Amino acid sequence: MASSSLFFLTLFILTLISAVTACPPSDRAALLAFKDALTEPYLGIFQTWTGNDCCQGWYGLSCDPNTHRVTDINLRGESQDLIFQKLQRTGYMTGNISPEICKLTGLSTLVVADWKAISGEIPSCISSSLSSLRILDLTGNQISGDIPADIGKLRRLTVLSLADNAISGKIPKSIVNLAGLKHLDLSNNQISGELPWNFGNLRMLSRALLSRNELTGSIPKSVFKMNRLADLDLSMNRITGSIPVQLGKMKVLSTLKLDGNSMSGQIPSKLLSNSGMGILNLSRNGFEGAIPDVFGVKTYFMALDLSHNNLTGKIPGSLSSVRFVGHLDLSHNHLCGTIPIGSPFDHLDAASFNDNDCLCGNPLKSCE
């Protein structure tokens, strides 16, 4: 009799411990509502979302070891995970992101990326309810609508990646309040309007990827305050105006892509003489004047593309003294004169110089 009582007491204690260490019922209910708004027909990842404890064995989830609140949702449709490798396919998911996600107030990471067919809008409650969020990545879906106007309330956010969707509207003014933001990727959407004039308030930002949208206006002067900015991509937009001289003075900036816009004016010499600049693409704009003859022995361009502009004059002789130029494209301009000899010109083909007014010399026809 005593042993029987001891058994039931032990069972009761174990049940109590299990209940205490399991995720809260409210978190589990929110996750199930989130799951019910989505359909994933091939991999079966949601088949693991069973049982009372969402902290144990639920695919893509992590919990706080002390509070047992759900802290991370990490669902990527392109992964090296065994589930993906076994079926030899990438993920596919339809449906939308349920506002019930906002009840997971302990979330620090929300990644629902590369599922190709998730649609609907970003729940507006994310900005007001998920104050602990550090990473928001919804890349590679069919999400539409605007970026929540009060996105700036997510003061702990370090990564905001919404690329490759169908998001429209303007960049919210409040985005400049994300003082700790390090990575911003809004590329390949339908975002319009101008960059906020005080975009440079994002002082911690190292990557600003905004290509393939419908952005207008000029590059705001406040960008020059972004001392950690290494990668600025505004290509394939409708940006106008000239290149600010100060961009060439940014010590960390190593990748600048402005191609496929409607910019004009001359190329600042500081931009070409900056030894830290490694990738510079200014092609398919309306830049004019001569290419500044300011290259030096420390110049190291993995790619320099000035094609499809209105550049005139000669190819700068100082380009022959550079440390390295991997890809150089000066085609479709109005350049004239003899192509310099030596590196990097000895490994370039005619495509780098085609469709200019009167260039000659190797690899084009000989000068008369």
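Atoms considered below: every heavy atom in the structure, side chains included; atoms not considered: hydrogens, waters and symmetry mates. What you are looking at is a predicted structure, and each value in this text was computed from that prediction instead of being measured.
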Step by step, work out the side-chain hydrogen bond (donor to acceptor under 3.5 Å, both in side chains) result for T109 and D72.
CA-CA 5 Å; T109 300; D72 303 289; 2.8 Å; yes
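Hydrophobic clustering (side-chain heavy atoms under 4.5 Å, transitive across Ile, Leu, Val, Met, Phe, Trp, Tyr) groups L311 together with L364. L256 is not connected to Y300 by any chain of hydrophobic side-chain contacts under 4.5 Å among Ile, Leu, Val, Met, Phe, Trp and Tyr, and they are in different clusters. Put simply, M204 and L209 are part of two different groups of oily side chains (I, L, V, M, F, W, Y) that touch within less than 4.5 Å, one to the next.
A side-chain N or O of D164 and one of N188 form a donor-acceptor pair less than 3.5 Å apart. A donor-acceptor contact closer than 3.5 angstrom is absent between the side chains of S174 and D150.
The neighbour count for R228 CZ, taken as heavy atoms of other residues, nucleotides or ligands under 6.0 Å away, does not exceed 12. For K170, the NZ atom is loosely surrounded, since the number of other residues' heavy atoms within 6.0 Å does not exceed 12. Within 6.0 Å of the NZ atom in K225, the count of heavy atoms belonging to other residues, nucleotides or ligands exceeds 12.
Residues N274 and L280 have side chains not in contact (no heavy-atom distance under 4.5 Å, counting atoms from C-beta outward). N74 has its side chain within reach of R76: a pair of non-hydrogen atoms, C-beta onward, lies under 4.5 Å apart.
The two residues F301 and I279 come nearest to each other via the heavy atoms CD2-N, 4.5 Å.
Checked by atom type and distance alone, the side chain of T299 never pairs as donor or acceptor with a backbone atom of V322 at under 3.5 Å. Counting only distance, with no hydrogens or angles, the side chain of S211 and the backbone of S235 share no donor-acceptor pair below 3.5 Å.
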